[in-house]
Amino acid sequence: MYNIFKKIVYVHVFHSLTLKVKWWITHNEPHETCEQGYGWGTFAPGYNKHPGTETYLCAHNIIKSHAAAWHLYNKKYREQQQGACVSHI
(Lines give C-alpha, C1' and ligand atoms only; values in the text may rest on other atoms or scores of the structure.)
Protein backbone atom coordinates (compact mmCIF):
# COMPACT_ATOMS: atom_id res chain seq x y z
CA MET A 1 0.00 0.00 0.00
CA TYR A 2 2.75 2.48 0.84
CA ASN A 3 4.29 1.90 -2.62
CA ILE A 4 1.05 3.11 -4.19
CA PHE A 5 1.03 6.05 -1.78
CA LYS A 6 4.64 6.86 -2.63
CA LYS A 7 4.12 6.60 -6.37
CA ILE A 8 0.89 8.55 -6.68
CA VAL A 9 1.36 11.23 -4.05
CA TYR A 10 5.04 11.86 -3.57
CA VAL A 11 6.26 11.44 -7.12
CA HIS A 12 3.59 13.83 -8.40
CA VAL A 13 3.82 16.24 -5.47
CA PHE A 14 7.62 16.35 -5.30
CA HIS A 15 7.87 16.66 -9.07
CA SER A 16 5.24 19.38 -9.50
CA LEU A 17 6.23 21.49 -6.47
CA THR A 18 9.98 20.96 -6.39
CA LEU A 19 10.82 24.59 -7.14
CA LYS A 20 8.20 26.04 -4.77
CA VAL A 21 8.54 23.93 -1.60
CA LYS A 22 11.78 23.23 0.29
CA TRP A 23 10.53 21.66 3.52
CA TRP A 24 8.36 18.55 3.38
CA ILE A 25 6.51 16.94 6.30
CA THR A 26 5.39 13.40 5.54
CA HIS A 27 3.17 12.82 8.59
CA ASN A 28 1.83 15.25 11.13
CA GLU A 29 1.75 13.77 14.65
CA PRO A 30 2.00 10.08 13.68
CA HIS A 31 1.81 9.02 17.33
CA GLU A 32 -1.59 10.65 17.69
CA THR A 33 -2.82 9.09 14.45
CA CYS A 34 -1.91 5.59 15.59
CA GLU A 35 -2.70 5.87 19.28
CA GLN A 36 -6.01 7.68 18.98
CA GLY A 37 -7.08 6.24 15.62
CA TYR A 38 -6.30 2.60 16.32
CA GLY A 39 -5.55 2.33 20.03
CA TRP A 40 -8.38 4.28 21.63
CA GLY A 41 -10.56 4.64 18.55
CA THR A 42 -11.38 8.28 19.28
CA PHE A 43 -9.93 9.67 16.02
CA ALA A 44 -10.46 8.43 12.47
CA PRO A 45 -10.63 5.64 11.55
CA GLY A 46 -12.02 4.89 15.03
CA TYR A 47 -10.95 1.26 14.93
CA ASN A 48 -9.94 -0.43 18.16
CA LYS A 49 -11.00 -4.07 18.03
CA HIS A 50 -7.45 -5.15 18.94
CA PRO A 51 -5.87 -2.23 20.84
CA GLY A 52 -2.10 -2.47 20.75
CA THR A 53 -1.89 -4.66 17.66
CA GLU A 54 -3.39 -2.10 15.29
CA THR A 55 -1.44 0.68 17.00
CA TYR A 56 1.85 -1.04 16.21
CA LEU A 57 0.78 -1.92 12.67
CA CYS A 58 -0.16 1.71 12.10
CA ALA A 59 3.21 2.89 13.41
CA HIS A 60 5.00 0.30 11.28
CA ASN A 61 3.25 1.50 8.12
CA ILE A 62 3.82 5.17 8.92
CA ILE A 63 7.53 4.52 9.44
CA LYS A 64 7.71 2.59 6.15
CA SER A 65 5.87 5.29 4.20
CA HIS A 66 8.03 8.05 5.69
CA ALA A 67 11.20 6.09 4.88
CA ALA A 68 10.02 5.54 1.30
CA ALA A 69 9.25 9.26 0.87
CA TRP A 70 12.55 10.28 2.47
CA HIS A 71 14.59 7.98 0.21
CA LEU A 72 12.72 9.18 -2.87
CA TYR A 73 13.30 12.81 -1.91
CA ASN A 74 16.94 12.20 -1.02
CA LYS A 75 17.64 10.36 -4.26
CA LYS A 76 15.80 12.57 -6.75
CA TYR A 77 15.14 16.02 -5.30
CA ARG A 78 17.43 16.98 -2.39
CA GLU A 79 20.35 18.11 -4.54
CA GLN A 80 18.14 20.35 -6.68
CA GLN A 81 15.95 21.67 -3.83
CA GLN A 82 18.47 21.88 -0.99
CA GLY A 83 15.58 21.23 1.42
CA ALA A 84 14.48 18.51 3.83
CA CYS A 85 11.90 15.77 4.22
CA VAL A 86 10.89 15.14 7.84
CA SER A 87 8.13 13.60 9.94
CA HIS A 88 6.53 15.85 12.57
CA ILE A 89 6.43 14.06 15.89
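The first residue of the sequence shown is numbered 1, and numbering continues consecutively from there. What you see is a predicted model; the values in this text were computed from it and never measured.
Separating the OG atom in S65 from the NE2 atom in H60 is a distance of 10.0 Å, to the nearest 0.5 Å. Here the straight-line distance linking atom NE2 of H66 with atom OH of Y73 works out to 12.0 Å at 0.5 Å rounding. Rounding to the nearest 0.5 angstrom, the gap separating the NZ atom in K49 from the CD atom in E54 is 9.5 Å. Here the straight-line distance linking atom CG of N28 with atom OG1 of T33 works out to 7.5 Å at 0.5 Å rounding.
Taking hydrophobic clusters as Ile, Leu, Val, Met, Phe, Trp and Tyr residues chained together by side-chain heavy-atom distances below 4.5 Å, L17 shares a cluster with L72. Cluster membership check: L57 does not share its hydrophobic cluster with I63, using side-chain heavy-atom separations under 4.5 Å among Ile, Leu, Val, Met, Phe, Trp and Tyr.
Minimum heavy-atom separation, T26 to A69: CG2-CB, 3.8 Å. Across every non-hydrogen atom of P45 and G37, the tightest pair is CD-O, 3.6 Å. Between C34 and A59, the shortest heavy-atom contact is SG-N, 3.2 Å. Taking each heavy atom of W23 and G83 in turn, the nearest pair found is CZ3-C, 4.3 Å. Residues P30 and I62 approach most closely at CB-CG2, 3.6 Å, considering heavy atoms.
At most 12 heavy atoms of other shown residues, nucleotides or ligands fall within 6.0 angstrom of atom OH in Y56.
When atom types are taken as modelled, the side chain of E35 and the backbone of H31 share no donor-acceptor pair closer than 3.5 angstrom. Listed for the E79 side chain is no donor-acceptor partner under 3.5 Å among the backbone atoms of K76.
Taking 4.5 Å as the limit, some side-chain heavy atom of R78 sits within range of a side-chain heavy atom of W70.
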